[in-house]
Number of protein chains: 2
Amino acid sequence: MDLRHLKYFIAVAEELNIGRAALRLHISQPPLTRQIQQLEEELGVQLLVRTPRGVELTQAGEMFLEEARNIRSLVEQAIERTKRAGQGKLGRLDIGIFGTGILSAIPQMLHLFRDTHPDVRVVVHTMTKDEQIEALRQRRIALGFNRILSPLPDIENELIIKEPLFLVVNANHPLSRQESVSFMELAKHPLVLFPTGARPNFVDRVMELCANMGFTPEISQIVGDVVTGVALVAGGFGITLVPRSATTLNLPGVVYRPFFDSLSATIDLSCIYRKDDQSAILQAFLGVIRAFREQHGGQ
Amino acid sequence: MDLRHLKYFIAVAEELNIGRAALRLHISQPPLTRQIQQLEEELGVQLLVRTPRGVELTQAGEMFLEEARNIRSLVEQAIERTKRAGQGKLGRLDIGIFGTGILSAIPQMLHLFRDTHPDVRVVVHTMTKDEQIEALRQRRIALGFNRILSPLPDIENELIIKEPLFLVVNANHPLSRQESVSFMELAKHPLVLFPTGARPNFVDRVMELCANMGFTPEISQIVGDVVTGVALVAGGFGITLVPRSATTLNLPGVVYRPFFDSLSATIDLSCIYRKDDQSAILQAFLGVIRAFREQHGGQ
DNA sequence: CGACGCAATACCCAAAAGGTATGCCAGCGA
DNA sequence: TCGCTGGCATACCTTTTGGGTATTGCGTCG
């Protein structure tokens with residue numbers, strides 16, 4: 001049996017006249033007669049009774065009509081869904097983010113993507129950098145967000161934005177009286193840094209920036225994550241640094257201050273994905289990321 | 001697109017190797033390659049990525065595989081259901097019965113039919129003889145049960161059983177002391193008869209039987225239905241007659257007695273249906289009716 | 001670097017779908 | 001009652017297309 005048989009039978013059942021149905025199908029009457037006969041023979045069931053004025057459906061014919069319409073609509077739906085999947089408009093996208101990535105630009109991009117691709121189910125997995133790479137290789141995720149990365153042969157690494165760093169000080173700290181501060185202040189105060197976990201990471205980036213400015217900072221503590229770090233500053237344990245997006249973290253007793261003398265005091269937000277992944281959904285998401293990057297001019 | 005494409009794609013998706021899939025489909029590899037290419041082209045979507053060791057599904061391919069399996073099972077189900085409908089094993093049967101037909105052999109036949117055709121939905125409509133004929137002509141029912149019928153050109157009338165009649169008397173009546181009675185007793189007692197409604201009916205049948213025995217009964221009342229008639233007897237209003245199947249009607253103060261001298265004191269139970277109705281479900285039901293008739297030897 | 005495995009291509013044949021002409025039958029009007 | 005009409009079925013031809021065989025092309029892996 002064939003989808004053609006279904007189409008033809010539906011036409012005949014709706015017209016109740018083989019000739020008219022043939023007209024509607026843009027074929028001539030004899031082949032249609034033959035196809036219907038074939039269908040009946042294949043099913044071993046009489047679907048039509050031939051009357052002097054046309055045809056009528058038997059009960060089996062009624063049953064088959066219902067099923068045929070059902071199948072036809074399912075086929076149309078299947079084609080539609082597959083096309084949409086092929087365009088990256090339907091399906092599932094698994095993304096790896098790092099612990100506090102949720103404070104960065106990531107939510108904005110997720111939002112943009114969901115608006116333009118409402119039928120793609122986005123599943124976010126919190127994982128470390130190494131876990132992301134492992135998950136990419138096993139195809140458990142298609143995309144990961146991260147900050148500090150060494151190049152890998154099979155993984156593409158695409159910069160999204162360079163975020164300027166902000167100083168975080170206690171509201172009672174003398175530096176809080178300035179609107180903006182000098183990066184050199186970092187040499188004079190004990191630093192709380194983060195995260196613990198796979199190196200190189202944010203700690204190394206800060207050390208590198210300080211080295212560029214010609215000093216080595218005093219590190220009082222290295223804590224697990226940005227929230228803990230800022231909480232310690234709120235509690236009076238020194239100062240710290242965060243990417244601009246983390247300044248949305250509104251803890252009482254803490255103020256954020258930009259640097260007036262260090263354009264290079266930035267931290268990258270990047271995404272990583274398999275070099276060999278051509279999936280339409282990933283490409284669609286990369287499109288959103290690139291649009292986002294254009295819009296933010298690299299920072 | 002064609003059901004063949006679905007079958008082929010499912011095979012390829014399951015084998016992840018076009019050559020092996022071709023083997024499984026009992027065709028050679030090149031036509032299968034071509035069919036899959038055709039399918040991809042028609043959908044405008046890449047379903048497979050060709051690797052050195054075979055093929056892999058794209059996300060769109062995964063989507064299409066799911067849909068294709070879905071469609072295939074629906075098609076199989078459609079064929080199965082249509083075949084069963086063609087054999088009268090699936091569908092709906094509308095039956096007309098008369099008011100108290102539910103007391104006769106009808107429930108037994110319905111039961112037999114339901115046991116052998118569990119997926120046919122039997123819908124019973126209570127209607128008079130004339131309503132049944134009208135409903136048959138309009139195809140609102142496929143079969144009617146009735147007792148007294150004149151032949152009609154378009155309606156077949158098939159006898160099911162001849163039921164012997166039973167005398168119904170009050171438990172205090174002198175006749176109740178006999179195990180069986182003579183039909184001639186009817187000449188000596190006022191008769192309650194039924195039903196009111198389209199003639200000829202049960203009343204005429206009783207009159208005919210009496211005439212055959214050479215007397216005219218005294219009719220005290222004609223009431224709507226058998227239950228009312230028996231209830232009147234229970235209340236002391238004369239005697240009546242019922243078909244054997246109605247003796248299941250167990251009213252207090254009433255006894256049923258057979259006739260020892262009248263083999264012909266019977267009433268027919270018949271069924272009626274359109275002479276032109278070849279529907280498998282009706283034929284199946286008629287089969288049950290005929291089996292029932294054989295089993296009961298005509299009475 | 002050559003052998004192997006697999007998909008793709010080229011080309012042919014056969015099956016089957018579609019077309020035209022015609023037959024056959026029932027109902028209907030002159 | 002006898003054509004005439006409308007409808008499905010049949011016969012036969014043409015064209016499309018599915019399937020087969022042979023071969024090529026392209027990675028990968030000893």
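Residue numbers start from 1 in every chain, and the chains themselves are labelled A, B, ... in the order their sequence lines are given, proteins ahead of strands.
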**Student:** Find every protein N or O atom lying less than 3.5 Å from an N or O atom of nucleotides 14-21 of chain C, and list the pairs.
**Tutor:**
unit_1, atom_1, unit_2, atom_2, d
C:dA17, OP1, A:Arg4, NH2, 3.4
C:dA17, OP2, A:Gln35, NE2, 3.4
C:dA17, OP2, A:Gln38, NE2, 3.2
C:dA17, O5', A:Gln35, NE2, 3.2
C:dG18, OP1, A:Tyr8, OH, 2.6
C:dG18, N7, A:Arg34, NH2, 3.0
C:dG19, OP2, A:Ser28, N, 2.7
C:dG19, OP2, A:Ser28, OG, 3.1
C:dG19, O6, A:Arg34, NH2, 3.4

**Student:** What pairs of residues pass the ring pair (Phe, Tyr, Trp, His ring centres under 6.0 Å) test when at least one of them lies in residues 72-97 of chain B, not counting sequence neighbours?
**Tutor:**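 Output for this query is empty, none listed.
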
**Student:** Kindly write out the residues that satisfy side chain to side chain contact (heavy atoms under 4.5 Å, CB included) with B:Thr126, not counting sequence neighbours, or none if the list is empty.
**Tutor:**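 Once residues adjacent in sequence are excluded, the partners of B:Thr126 under the side chain to side chain contact (heavy atoms under 4.5 Å, CB included) criterion are B:Ile97.
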
**Student:** Under the ring pair (Phe, Tyr, Trp, His ring centres under 6.0 Å) definition, can you give me all pairs with a residue in residues 70-91 of chain A, not counting sequence neighbours?
**Tutor:**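 Residue pairs with at least one partner in residues 70-91 of chain A: there are none.
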
**Student:** Output every pair passing ring pair (Phe, Tyr, Trp, His ring centres under 6.0 Å) with a member in residues 108-130 of chain A, not counting sequence neighbours, ordered by first then second residue.
**Tutor:**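 Residue pairs with at least one partner in residues 108-130 of chain A: A:Phe113-A:His117, A:Phe113-A:Phe285.
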
**Student:** Between N or O atoms, less than 3.5 Å apart, protein on one side and nucleotides 27-30 of chain D on the other: list the pairs.
**Tutor:**
none

**Student:** Between D:dA9 and A:Thr33, is there an OP1 or OP2 to side-chain N/O distance shorter than 4.0 Å?
**Tutor:**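 Answer yes for this pair, as a side-chain N or O of A:Thr33 is under 4.0 Å from OP1 or OP2.
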
**Student:** Can you tell me how far CG of B:Leu32 sits from CD of B:Gln37, rounded to the nearest 0.5 angstrom?
**Tutor:**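 B:Gln37 CD to B:Leu32 CG: 10.0 Å, rounded to 0.5 Å.
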
**Student:** In whole angstrom, give the distance that lies between atom CG of A:Leu48 and atom C1' of D:dG7.
**Tutor:**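 Atom-to-atom, A:Leu48 to D:dG7, this comes out as 13 Å.
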
**Student:** Not counting sequence neighbours, which residues clear side chain to side chain contact (heavy atoms under 4.5 Å, CB included) with A:Glu66? List them please.
**Tutor:**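 Residues passing side chain to side chain contact (heavy atoms under 4.5 Å, CB included) with A:Glu66: none at all.
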
**Student:** For B:Leu74, give me all partners under side chain to side chain contact (heavy atoms under 4.5 Å, CB included), at least two apart in sequence or on another chain.
**Tutor:**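 Side chain to side chain contact (heavy atoms under 4.5 Å, CB included) list for B:Leu74, sorted by chain: A:Asn70, A:Ile71, A:Leu74, B:Gln77.
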
**Student:** Who are the side chain to side chain contact (heavy atoms under 4.5 Å, CB included) partners of B:Leu48, not counting sequence neighbours?
**Tutor:**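 B:Leu48: side chain to side chain contact (heavy atoms under 4.5 Å, CB included) contacts with B:Phe9, B:Val12, B:Ile36, B:Glu40, B:Arg50, B:Val55, B:Leu57.
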
**Student:** Considering residues at least two apart in sequence or located in another chain, which fulfil the side chain to side chain donor-acceptor pair (under 3.5 Å) criterion with A:Asn157?
**Tutor:**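 For A:Asn157 there are no side chain to side chain donor-acceptor pair (under 3.5 Å) partners, ignoring immediate neighbours.
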
**Student:** List in numerical order all residues of residues 15-22 of chain A for which some heavy atom is under 4.0 Å away from an atom belonging to DNA chain D.
**Tutor:**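 The answer is A:Asn17, A:Ile18, A:Gly19.
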
**Student:** Does B:Asp268 have any side chain to side chain donor-acceptor pair (under 3.5 Å) partners at least two apart in sequence or in another chain, and if so, which?
**Tutor:**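 For B:Asp268, the residues satisfying side chain to side chain donor-acceptor pair (under 3.5 Å) (neighbours in sequence not counted) are B:Lys162.
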
